[in-house]
Amino acid sequence: MKTRVTEQLGIRYPIIQGGMQWVGTAKMASAVSNAGGLGILTALTQPTPQALAQEIALCRSMTELPFGVNITILPAIKPPPYEEYMAAVIDSGIKIVETAGNSPKSFVEKFKAAGITIIHKCTTVRHAISAERYGVDMVSIDGFECAGHPGEDDIPGLVLIPIAANALKIPVIASGGIGDGRGMAAALVLGAEGVNMGTRFMCTREAPINDQIKKALIAGSERDTNLIFRTLHNTARVFKNAVSDEVVRMERREGGCTFDDIRSLVSGERGKRAFAEGDINAGTISAGMIIGLLDDIPSCAELLERMVAECRTSLASASLCFRSSSVSDKNLS
Ligand code: NAD
């Protein structure tokens with residue numbers, strides 16, 4: 001499976017584990033890289049830039065294969081020292097960075113000078129075009145189905161991926177709504193050269209979260225997510241639970257609500273506790289619509305081998321189907 005994504009990142013399969021707050025640790029990232037994909041550490045999951053440098057060193061001790069670091073810049077309750085996190089990434093010799101949440105303009109130069117390949121994740125084609133112009137190496141385009149922050153335009157992957165592939169010269173990675181080899185095959189047919197998954201990787205054996213959370217996610221249907229922060233223009237897709245239902249109720253009440261009204265419900269610290277303790281109602285938990293398709297908790301290696309095999313079969317059977325229908329069309333005429 002060779003695409004520009006596998007070639008430029010030095011990985012076996014064009015499958016990337018996206019940044020996930022509280023999930024993208026060395027255990028998760030090394031498991032994905034060892035399985036042939038690209039594992040990604042989430043910078044802000046670490047409490048300090050020093051702790052991030054230690055996590056990078058730990059990940060290196062767990063895999064000899066390439067892995068990257070995600071840096072997401074979005075509104076935060078306590079804005080982290082982003083510059084210091086970036087310095088920790090560069091000083092640690094990391095060669096792949098996934099940026100998200102904000103324009104990459106201000107940091108492309110610094111990362112490129114350090115020889116870093118930049119994958120910029122965004123949710124609109126216009127932002128992807130700007131990112132290409134600023135000099136990023138690949139764009140991960142995130143459809144409305146995705147977990148976390150889908151942006152405000154609500155364009156699903158089926159539309160977003162081919163438009164992005166038409167508009168960009170650099171490789172496009174499809175993100176959001178992909179959980180098996182059929183989704184991967186569809187993304188490749190739409191013009192992507194790789195796929196990015198978060199929710200699917202949360203439900204693997206190596207994901208560093210309590211099993212009760214994994215079980216709750218795979219028991220959920222495609223209707224079991226909520227969009228929160230819609231009224232604050234910082235939309236996030238999270239699992240439908242008591243906390244996110246309450247946030248939606250407060251946002252929809254007459255007069256709406258401010259961030260301060262919901263801060264204690266949505267804080268990342270609460271989500272972190274839910275992951276650690278396995279209490280699905282302890283906080284907000286990012287989850288994509290793809291939970292409706294998931295029904296098991298495989299290892300990362302099992303998942304990637306299965307996905308790639310299924311992707312190959314799907315591509316072959318689609319082309320077979322096309323060939324046989326063109327034969328029968330000819331017979332008809
Ligand atoms: P946090 O506790 O700072 O905030 C919790 C949530 O509230 C986040 O979704 C945040 O974007 C949102 N938020 C904070 N202040 C806001 C405001 N003034 N208006 C509207 N929304 C607001 O978040 P955290 O869990 O400690 O995460 C730290 C940062 O990482 C946040 O910016 C978060 O969005 C971001 N993040 C990263 C990833 C990733 O994969 N790297 C995933 C999700 C979120």
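Read the numbers this way: they start at 1 and go in the same order the structure lists the ligands and their atoms.
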Going by atom types only, do [X] and [Y] share a side-chain donor-acceptor pair under 3.5 Å?
X      : Y      : answer
Thr235 : Glu152 : yes
Tyr85  : Gln46  : no
Ser130 : His127 : no

Check your understanding: Cation-pi between Arg237 and Phe144: NZ/CZ under 6.0 Å from ring centre and within 45° of the ring axis?
Key ->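 That pair qualifies as a cation-pi contact.
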Under 4.0 Å from any heavy atom of [X], which atoms of ligand 1 are there?
X      : answer
Leu44  : 29 (C), 30 (O)
Ser267 : 2 (O)
Leu74  : 32 (O), 34 (O)
Thr42  : 39 (C), 41 (N)
His149 : 9 (O), 11 (O), 34 (O)

Is [X] touching ligand 1 with its side chain, its backbone, both, or neither, if touching means heavy atoms under 4.0 Å apart?
X     : answer
Ile77 : both
Asn70 : side chain
Gln21 : both

[atom]: nearest protein contact (heavy atom, Å):
atom                    : result
atom 22 (C) of ligand 1 : Phe259 CE1, 3.3 Å
atom 10 (C) of ligand 1 : Pro75 O, 3.1 Å
atom 8 (C) of ligand 1  : Phe229 CE1, 4.1 Å
atom 25 (O) of ligand 1 : Gly268 CA, 3.1 Å
atom 5 (C) of ligand 1  : Val266 O, 3.4 Å
atom 21 (N) of ligand 1 : Asn234 ND2, 2.9 Å

Practice item. Check whether any side-chain heavy atom of Phe107 lies under 4.5 Å from a side-chain heavy atom of Glu83, and answer yes or no. Key: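 Heavy-atom side-chain distance check fails, nothing below 4.5 Å.
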Practice item. Could you tell me whether Leu158 atom CG has more than 12 heavy atoms of other residues or ligands within 6.0 Å of it? Key: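 No.
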Point to revise | Flag if over 12 foreign heavy atoms under 6.0 Å of CD, Glu109 | key: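 Not buried by this count: 12 neighbours or fewer within 6.0 Å.
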Identify whether the distance between the nearest side-chain nitrogen and carboxylate oxygen of [X] and [Y] falls below 4.0 Å.
X      : Y      : answer
Asp279 : Arg270 : no
Asp211 : Arg205 : no
Arg230 : Glu251 : no

Practice item. Give a yes/no on ligand 1: does Gly148 have at least one heavy atom closer than 4.0 angstrom to it? Key: no
Review point. When hydrophobic residues are tied together by side-chain contacts of less than 4.5 Å, even through go-betweens, does Val5 share a cluster with Leu303?
Key: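 Different clusters: Val5 never reaches Leu303 through Ile, Leu, Val, Met, Phe, Trp or Tyr contacts under 4.5 Å.
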Review point. For atom 36 (N) of ligand 1, which candidate among Ile71, Thr231, Thr72 holds the nearest heavy atom?
Key: Thr72
Practice item. Using distance alone, determine whether Met20 and ligand 1 share an N or O pair under 3.5 Å. Key: yes
